[in-house]
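Keep in mind that the numbers below use all heavy atoms, side chains included, and drop hydrogens, waters and symmetry copies. The shown structure was predicted, so the numbers you read here are calculated from the model rather than taken from an experiment.
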Amino acid sequence: MKIGIVGLGLIGGSLALDLQALGQEVWGVSRRASTCLAAMEQAMVTHASQSLESLTDADLIFVCTPIAAILPTVSQLALLVSPATVITDVGSVKGDIVMAATQLWPRFVGGHPMSGKAEAGLAAASAGLFRGRPYVLTPLPQTPVDAVTQVSQWVERIGSLLYTTHPAAHDQAVALISHLPVMLGASLLHACATHPARSLAESLASTGFRDTSRVGGGNPELGRMMAQYNREALLAALSGYQAELSQLTQAITEENWALVEAYLTDAQRWRPAFIEGV
C-alpha cells in the first residue's frame with residue numbers, strides 16, 4: 001500500500017514516523033526542497049518530493065497542509081490520482097471544508113487528530129504524538145463506507161482513540177475547547193500588555209500565567225484561520241463566554257462572595273471531565 005502525506009510539518013512528519021514504524025512506505029510532499037531533504041536525511045519518509053504527481057498511484061493520502069490550502073490541494077490531487085484513492089485531511093475545522101472537498105473527491109474523509117505541541121514544523125515532529133489521543137473522523141452520509149473504514153483502521157493502528165461525528169458537531173466542540181481558548185489567551189495577553197502595571201506583571205508572572213496564556217501566544221496564522229473557517233461556531237462560543245464573564249463581573253461588583261465561590265466550585269467540579277487523559 002502506498003500512503004502519501006502532503007505537508008511535512010509537525011502533524012505530517014509525526015504521521016510519517018508512526019506509519020513507517022508500522023512498516024509502511026510513506027511518500028511525502030512539501031513545497032520546500034529543504035524540507036524534503038531534511039525529511040529524507042532524518043528518515044522520516046521513504047520518499048520525498050515537491051510534486052503532487054509523485055502521489056499519482058497512492059492508495060491513501062493525508063493532506064496535512066494549513067486549513068486554507070486543504071481544498072486547493074484536494075482539487076489538484078483530484079486531477080492526478082486513481083478513482084479508488086482515499087483522501088483525508090487533518091484540519092481543525094471541518095464544516096464547509098468537508099462538503100466542498102467531497103464535491104471535489106467523493107472518497108474524501110474529513111479527519112482531525114487532537115494532538116499537537118507548542119512548537120511547529122518538521123523539526124518538532126515526533127513518533128507517538130497521536131498515541132492515546134482523540135482522532136476525529138467526520139464522514140458525510142454519502143461518504144463510501146470502505147473509505148471511512150480504511151482511514152479508521154490506520155487511525156487505530158497509530159494508537160489514536162477513534163471518534164466519528166458530523167462536521168458541524170465537530171466544529172462546535174472544537175470551537176469550545178480549542179479555538180475559544182486561543183482567542184481568550186490572546187485577549188489575556190493584550191489586556192496585560194496594555195495595562196500600566198505591565199512591567200511588574202512581566203516580572204512576577206509564573207506557571208499559572210504561562211499555562212493560561214500559552215495557546216494565545218501561538219501561531220497567529222493558525223489562529224486567524226481558526227476564526228476565519230470556524231467563524232459561526234467560534235462566535236457562538238465567544239458569546240457564551242461573554243455571558244459567563246458578565247455574570248461573574250456582576251457578582252464581584254455586588255460583593256456577592258457566596259455566588260463567586262459557588263461559581264468557582266462548579267468550575268473545579270467540571271474541570272476533571274475535560275482534562276482527563278490530557
Side-chain angles (χ1 to χ4, degrees), residues 3-20 24 26-31 35 39 44-45 52 55 58 60-77 85-102 104-105 107-117 119-122 124-140 143 147-148 150-165 167 170-171 173-175 177-179 182 218-219 221-223 225-226 229-230:
I3 296 182
I5 295 179
V6 183
L8 296 174
L10 167 65
I11 300 300
S14 298
L15 265 174
L17 288 169
D18 284 352
L19 292 170
Q20 284 207 114
Q24 180 61 51
V26 178
W27 295 62
V29 174
S30 175
R31 291 177 302 168
T35 302
M44 289 185 167
V45 294
L52 290 176
L55 304 182
L60 172 63
I61 299 173
F62 288 86
V63 177
C64 303
T65 66
I67 298 170
I70 293 173
L71 291 178
T73 301
V74 173
S75 180
Q76 293 177 64
L77 288 170
T85 301
V86 175
I87 301 177
T88 185
D89 76 319
V90 299
S92 67
V93 178
K94 304 274 56 97
D96 294 341
I97 288 179
V98 172
M99 181 63 71
T102 300
L104 292 167
W105 194 252
R107 293 177 66 75
F108 178 87
V109 182
H112 180 202
M114 302 295 294
S115 306
K117 292 182 178 180
E119 304 81 13
L122 183 68
S126 60
L129 181 67
F130 312 102
R131 187 174 301 119
R133 301 299 304 137
Y135 197 123
V136 188
L137 298 185
T138 59
L140 298 174
T143 307
V148 179
Q150 185 176 146
V151 179
S152 299
Q153 289 174 343
W154 284 108
V155 165
E156 292 179 326
R157 290 190 68 185
I158 62 174
S160 294
L161 306 177
L162 176 65
Y163 289 82
T164 303
T165 190
H170 165 276
D171 287 355
V174 170
I177 52 91
S178 179
H179 301 172
V182 168
N219 185 328
E221 181 185 17
L222 178 58
M225 285 190 286
M226 290 175 179
Y229 289 92
N230 201 21

Q | Least distance between heavy atoms, S92 atom then H179 atom | A | OG-NE2, 3.4 Å
Q) Does any non-hydrogen side-chain atom of R131 lie less than 4.5 Å from one of I158? A) no
Q | Spatial distance of atom CG (D89) from atom OG1 (T73) [nearest 0.5 Å] | A | 10.0 Å
Q. Considering only heavy atoms from C-beta outward, does the side chain of L137 approach that of V151 to under 4.5 Å?
A. yes
Q. Of the non-hydrogen atoms in A68 and P72, which two are nearest, and what is the gap between them?
A. O-CD, 3.5 Å
Q. For L122 and L10, what are the C-alpha separation, side-chain angles and deciding distance, and is it a side chain to side chain contact (heavy atoms under 4.5 Å, CB included)?
A. CA-CA 5 Å; L122 183 68; L10 167 65; over 6 Å; no
Q | Point-to-point distance, once rounded to the nearest 0.5 Å, from CG of L8 to OG1 of T65 | A | 11.5 Å
Q. To the nearest 0.5 Å, how far apart are OG1 in T88 and CH2 in W154?
A. 13.5 Å
Q.
Does N219 have more than 12 heavy atoms from other residues, nucleotides or ligands lying within 6.0 Å of its CG?
A. yes
(Q) Measuring from atom CD1 of I5 to atom OG of S30, what distance do you get when rounded to the nearest 0.5 angstrom? (A) 12.0 Å
Q.
Using a strict threshold of under 4.0 Å (side-chain N to carboxylate O), is an ion pair present between R157 and D18?
A. no
**Q.** Pairwise side-chain contact, V174 with H112, heavy-atom cut-off 4.5 Å (strictly under)
**A.** yes
Q: For the pair T138 (side chain) and K94 (backbone), establish whether a donor and an acceptor sit closer than 3.5 Å, ignoring hydrogens and angles.
A: no
(Q) Given 3.5 Å as the limit, does a donor-acceptor pair link the side chain of S152 with the main chain of V148, or not? (A) yes
**Q.** Considering all heavy atoms, the nearest A58-G4 contact
**A.** CB-N, 4.5 Å
(Q) Strictly distance-based, threshold 3.5 Å: is any side-chain N or O of T143 a donor or acceptor partner for the main-chain N or O of L140? (A) yes
Q. Would you find a donor on one side and an acceptor on the other, under 3.5 Å apart, between the side chain of Q20 and the backbone of V26?
A. no
(Q) Measuring only between side-chain heavy atoms, which start at C-beta, is D96 closer than 4.5 Å to Y229? (A) no
Q: Taking the side chain as every heavy atom from C-beta outward, state whether L161 and Y135 have any pair of such atoms under 4.5 Å apart.
A: no
(Q) Working note: F62 + L19, criterion side chain to side chain contact (heavy atoms under 4.5 Å, CB included); need CA distance, chi angles, decisive distance, verdict. (A) CA-CA 11 Å; F62 288 86; L19 292 170; 4.2 Å; yes
Q | Which atom of S115 lies closest to which atom of R133, heavy atoms considered | A | OG-CB, 3.3 Å
Q: Would you name the heavy atoms of I87 and V74 that are closest together and state the gap between them?
A: CG2-CG2, 4.3 Å
Q) At what distance, to the nearest 0.5 angstrom, does CE of M114 lie from OG of S178? A) 5.5 Å
Q | Side-chain donor/acceptor of W105 to backbone N/O of T85, under 3.5 Å | A | yes
Q. Are any of the side-chain heavy atoms of V6 and C64 separated by less than 4.5 Å?
A. no
Q | Any side-chain heavy-atom pair of V90 and V63 under 4.5 Å | A | no
Q | Under the side-chain contact (heavy atoms from CB on, under 4.5 Å) test, residues paired with R31 that sit two or more places apart | A | none
Q) Is the backbone of N230 close enough, under 3.5 Å, to the side chain of D171 for a donor and an acceptor to pair up by distance? A) no
Q: Hey, could you give me the CG/CD1 distance between L60 and I3, rounded to the nearest 0.5 Å?
A: 5.0 Å
Q.
A side-chain contact here means heavy atoms from C-beta on lying under 4.5 Å apart; do I61 and V86 qualify?
A. no
Q) Got a donor-acceptor contact below 3.5 angstrom from the S14 side chain to the L129 backbone? A) no
Q: Identify the heavy atoms of A125 and G13 that sit nearest to each other, and give their distance.
A: CB-C, 3.6 Å
